[in-house]
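Encoded as structure tokens, the structure appears first; notes follow it.
Below, chains carry the letters A, B, ... as their sequence lines are ordered, and counting in each starts from 1.
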2 protein chains.
Amino acid sequence: MKHCHKWGQKLVSNGFRLTVAREVILDILTNTDQHLSAEDIYLTIHPHNPGIGLTTIYRTLELLVQTGIVLKFDFGHGRAKYELSEEYSYKKHHHHVICKKCRRIVDYSDFFEQEQEFIRKAEEELKNKFHFTIENHFIQFYGICPECKPPG
Amino acid sequence: MKHCHKWGQKLVSNGFRLTVAREVILDILTNTDQHLSAEDIYLTIHPHNPGIGLTTIYRTLELLVQTGIVLKFDFGHGRAKYELSEEYSYKKHHHHVICKKCRRIVDYSDFFEQEQEFIRKAEEELKNKFHFTIENHFIQFYGICPECKPPG
DNA sequence: CTCTCTGCAAAATGTTTGCACACTC
DNA sequence: GAGTGTGCAAACATTTTGCAGAGAG
């Protein structure tokens with residue numbers, strides 16, 4: 001067993017078991033650089049682990065979101081997408097650029113200094129003005145990618 | 001008839017008719033400061049216009065999104081929410097702060113200068129780096145509102 | 001008279017739940 | 001054994017679609 005992953009400890013310390021299904025799902029999420037839907041994960045897993053059903057995937061993802069290991073995104077395309085949260089991912093914190101036509105999602109993490117500063121300040125301002133405790137933020141840009149752009 | 005609304009002209013000039021159902025739906029959207037789901041609109045309309053069905057509302061909203069009159073939001077709560085786009089709304093451009101517990105959505109449009117500047121620059125950068133044509137952006141902060149905060 | 005728009009009922013889609021069994025501690 | 005975790009099938013909620021009729025130009 002490879003309890004070496006940070007998320008393994010997190011799960012166990014939260015009183016959950018590190019089952020095969022959960023390991024497999026977390027492995028997929030760890031080794032992809034994409035944003036996967038429950039079904040994406042199911043299809044990836046299924047050839048090697050036909051025993052793991054869609055239900056388990058949904059339940060595991062919900063668990064992982066609750067535990068803060070995974071982030072759930074809604075890009076408005078009818079199905080939720082999941083990715084490891086910054087703390088458990090090799091990827092840096094990033095925002096998303098989404099093509100309205102082909103639905104391609106591009107990560108964008110080359111923030112200029114201003115961006116970090118903006119977020120920090122915005123969260124502070126929201127705290128002062130609305131007394132919200134901000135936990136996270138989603139910044140998404142929608143547009144047309146070069147491939148989908150009409151020629152000319 | 002009150003063809004006076006900006007959206008009336010927009011619809012007609014795009015080759016669509018300004019029907020009663022469409023007018024009613026647009027009136028609701030014009031006169032609310034909330035983010036309405038298809039069902040919200042249906043329930044608001046129904047007492048006065050029992051003839052307008054949910055299907056029509058969905059079809060109208062889709063039409064309005066295509067035409068750019070309405071923006072569709074997905075806050076991850078299972079149903080899409082709609083509001084007039086800046087161009088057709090009395091409201092200023094704004095971002096959203098969402099309570100994770102009670103799902104309350106607060107608009108937030110008191111941008112400090114930095115925010116506008118950040119968006120302008122980000123869009124420019126995305127254009128240069130990924131050759132995306134950016135059409136709009138969604139900035140959402142998630143957290144816990146004061147009412148939902150555990151006391152103490 | 002044509003073409004858009006609409007309601008109804010049915011379908012489709014993504015997600016959740018009930019239940020009985022399997023597995024771990 | 002007690003309690004967690006799971007698959008299957010069924011339930012669910014939201015949204016979409018087929019079709020035939022109503023209404024506008």
Side-chain angles (χ1 to χ4, degrees), chain A residues 1 3 7-8 10-26 35-67 69-82 103, chain B residues 1 3 7-26 28 35-67 69-82 103:
Chain A
M1 270 199 264
H3 279 213
W7 34 256
K10 176 76 174 179
L11 274 187
V12 171
S13 77
N14 274 45
F16 299 109
R17 299 195 186 142
L18 186 54
T19 65
V20 176
R22 289 173 186 171
E23 269 194 291
V24 172
I25 292 170
L26 277 161
H35 316 79
L36 303 177
S37 67
E39 202 194 355
D40 291 336
I41 296 175
Y42 178 75
L43 292 175
T44 310
I45 284 178
H46 198 254
H48 305 106
N49 300 75
I52 300 177
L54 239 194
T55 309
T56 299
I57 296 180
Y58 276 111
R59 279 197 274 232
T60 302
L61 288 171
E62 154 115 43
L63 182 83
L64 297 174
V65 170
Q66 295 308 328
T67 332
I69 298 174
V70 160
L71 293 175
K72 181 178 182 178
F73 287 89
D74 221 315
F75 295 115
H77 299 151
R79 56 182 63 181
K81 302 263 194 170
Y82 300 85
R103 302 182 169 187
Chain B
M1 270 196 263
H3 279 215
W7 33 256
Q9 300 155 25
K10 176 75 175 181
L11 274 187
V12 171
S13 76
N14 274 46
F16 300 109
R17 297 191 187 145
L18 187 52
T19 65
V20 175
R22 288 173 186 170
E23 266 193 293
V24 172
I25 292 170
L26 277 162
I28 301 288
H35 315 79
L36 303 177
S37 67
E39 203 194 355
D40 291 336
I41 296 175
Y42 177 75
L43 292 175
T44 310
I45 284 177
H46 198 255
H48 306 107
N49 300 75
I52 299 177
L54 240 193
T55 309
T56 299
I57 297 181
Y58 275 110
R59 278 196 276 231
T60 301
L61 287 172
E62 153 115 46
L63 181 83
L64 296 174
V65 170
Q66 295 308 329
T67 332
I69 298 175
V70 161
L71 293 175
K72 180 178 182 178
F73 287 90
D74 222 314
F75 295 114
H77 300 153
R79 56 182 62 180
K81 301 262 193 171
Y82 300 85
R103 301 183 170 185

Handout entry: Spacing between I57(B) atom CD1 and dC5(C) atom P, to the nearest angstrom
Key = 16 Å

Practice task
Begin with the C-alpha distance, continue with both residues' side-chain angles, and end with the deciding distance and a verdict on side-chain contact (heavy atoms from CB on, under 4.5 Å) for L36(A) and T44(A).
Solution key: CA-CA 10 Å; L36(A) 303 177; T44(A) 310; 5.5 Å; no

Collect all protein-nucleotide pairs involving nucleotides 16-25 of chain C in which both atoms are nitrogen or oxygen and the distance is under 3.5 Å.
none

Problem - Close side-chain approach of Y82(A) and D40(A), heavy atoms under 4.5 Å - result: no

Exercise for the section: Would you mind reading off the distance between I52(B) atom CD1 and dA22(D) atom P, rounded to a whole angstrom? Expected result: 18 Å

Problem - R79(A) side-chain N/O to dT15(C) phosphate OP1/OP2 under 4.0 Å - result: no

Exercise for the section: State, yes or no, whether a side-chain contact exists between L11(A) and L64(A) at a heavy-atom distance under 4.5 Å. Expected result: yes

Exercise for the section: Test side-chain contact (heavy atoms from CB on, under 4.5 Å) on T60(B) and I41(B) and set out the steps. Expected result: CA-CA 11 Å; T60(B) 301; I41(B) 296 175; over 6 Å; no

Exercise for the section: On DNA chain D, check which nucleotide each of L63(A) and A38(B) is closest to and give me the residue with the more 5' one. Expected result: L63(A)

Practice task
Determine whether N14(B) and Q66(B) make a side-chain contact, defined as any pair of heavy atoms from C-beta on separated by less than 4.5 Å.
Solution key: no

Problem - Spacing of H46(A) atom NE2 relative to dC8(D) atom C1', expressed in whole Å - result: 13 Å

Exercise for the section: Please step through side-chain contact (heavy atoms from CB on, under 4.5 Å) for the pair H48(B) and V24(B), ending with a clear verdict. Expected result: CA-CA 10 Å; H48(B) 306 107; V24(B) 172; over 6 Å; no

Handout entry: Spacing between Y42(A) atom OH and dT13(C) atom P, to the nearest angstrom
Key = 16 Å

Practice task
Give the rounded distance in Å between these two atoms: CD of Q66(A) and C1' of dG5(D).
Solution key: 17 Å

Exercise for the section: Using atom CD of E23(B) as one end and atom P of dA24(D) as the other, report the distance to the nearest whole Å. Expected result: 13 Å

Exercise for the section: To the nearest Å, give me how far apart CG (D40(B)) and C1' (dT15(D)) are. Expected result: 15 Å

Practice task
In whole angstrom, give the distance that lies between atom CG of L43(A) and atom P of dG14(C).
Solution key: 11 Å

Exercise for the section: When you get a sec, tell me which of dT15(C), dG5(D), dT6(D) is the closest nucleotide to the side chain of F16(A)? Expected result: dG5(D)

Exercise for the section: Can you label the angle between the F75(B) ring and the F73(B) ring as parallel, tilted or perpendicular, going by 30° and 60°? Expected result: parallel

